[in-house]
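Read the structure below first, then the notes.
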Amino acid sequence: MINYPDILHNIQLEINKVSERGQVARYIPELSKIDPHKFGMHIIDANRNEFSVGDSEEAFSIQSISKVLSLSQAIGLIGEELWTRVDVEPSGDPFNHLSLLEQENGIPRNPLINAGAIVVADILVSKLKNPKEDFLTYIQDISGDKSINFDPEVATSEKETGFRNYAAANLLKSYGNLHNDVDTVLDFYFHQCSLALNCKQLTKLFFVFMNRGKCLQNNTYLTTSQVKRINALMLTCGFYDEAGEFAFEVGLPGKSGVGGGIVALLPNNYCVATWSPGLNKKGNSKLGMLALEMLTTATKQSIF
Ligand code: DON
């Protein structure tokens, strides 16, 4: 039996000793106000036992973590057709780079970089009747938590400074890989990124990817094959140009966001979320990565 409470306690002690905590994201003004000293961590295992430490019930902006959820909803709606518009290869580039998009004629490398997520957002805008409301309902249903919502101030703040995302969307449009208006798609994208969740809620949401497509309430959202593909993308692309480092250090499929959150999972075993707002140079939570490295080392469990 793994003693999660002791392991989490030790992780928190180690994290508290670190003085260099990384930089909070500044390019979205609303995120620059977050206290870098926050740290939370929550685990839910396959038997629904839960363990937590620190600020695990304080909500933060999940940002790019939302890309896994929009991808999951889009796959549920259009299935394999999605891969005609987005590739499944790691980019080795930062999340907001555009040069590969131009070189590869408007087909984003994968759905977890910004350009790929904008194509996925375009698919949802085309397929959903009330895109923002229907996406939010999807999130609330999977997690079984009706209190989850967008943070409109964060969405507006990103819209005001989202120049690179406008560039990506316009480039996609010029290649015919964006079917709706740039503004409509980006409004959806900025809202999905603004979702505010805490670590506990995140693990309940990502339980579905740990549990072969069945959510916490035992409803099936994805086939085992779809879950395999989504988890593979998290492993190979979830941390952009640091995906190799995350696999090397942590050894789990996972996804980060510039709000400082990371969610990761060991299929059929447990799902874990961390929150520490300071980012490293690659835009991933510095102490979140350290905490997860300590977790998989202490438990001696990873997908490898
Ligand atoms: O589009 C953006 O730049 C942000 N809404 C999300 C970026 C992000 O979270 C990258 N992840 N580490």
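Order of appearance sets the numbers: ligands from 1, and atoms from 1 within every ligand.
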Legend entry - Modelled atom types, side-chain donor and acceptor of T137 and E133, under 3.5 Å: no
Would you mind listing each N/O atom of ligand 1 next to any protein N/O under 3.5 Å, plus the distance?
unit_1   : atom_1 : unit_2 : atom_2 : d
ligand 1 : 1 (O)  : N114   : ND2    : 3.0
ligand 1 : 1 (O)  : E158   : OE2    : 3.1
ligand 1 : 1 (O)  : N165   : ND2    : 2.9
ligand 1 : 1 (O)  : Y189   : OH     : 2.6
ligand 1 : 3 (O)  : Y27    : OH     : 2.6
ligand 1 : 3 (O)  : N114   : ND2    : 3.3
ligand 1 : 5 (N)  : Q63    : OE1    : 2.6
ligand 1 : 5 (N)  : E158   : OE1    : 2.8
ligand 1 : 5 (N)  : E158   : OE2    : 2.7
ligand 1 : 9 (O)  : S64    : N      : 3.0
ligand 1 : 9 (O)  : S64    : OG     : 2.6
ligand 1 : 9 (O)  : V258   : N      : 2.9
ligand 1 : 11 (N) : S64    : OG     : 3.3
ligand 1 : 11 (N) : Y240   : OH     : 3.2
ligand 1 : 12 (N) : G283   : O      : 3.2

Legend entry - Heavy-atom side-chain proximity of Y221 to N219 below 4.5 angstrom: yes
Inset, instruction - Could you name each residue pair satisfying salt bridge (charged side-chain N to carboxylate O under 4.0 Å, His left out) that touches residues 74-89, not counting sequence neighbours? - result: E80-R229, R85-D122
Legend entry - side-chain hydrogen bond (donor to acceptor under 3.5 Å, both in side chains) contacts in which one or both residues fall within residues 39-49, not counting sequence neighbours: H42-E50, D45-N49
Inset, instruction - Just say parallel, tilted or perpendicular for the rings of Y240 and F95, cut-offs at 30° and 60°. - result: tilted
Legend entry - Set of residues satisfying salt bridge (charged side-chain N to carboxylate O under 4.0 Å, His left out) with respect to E249, sequence neighbours excluded: none
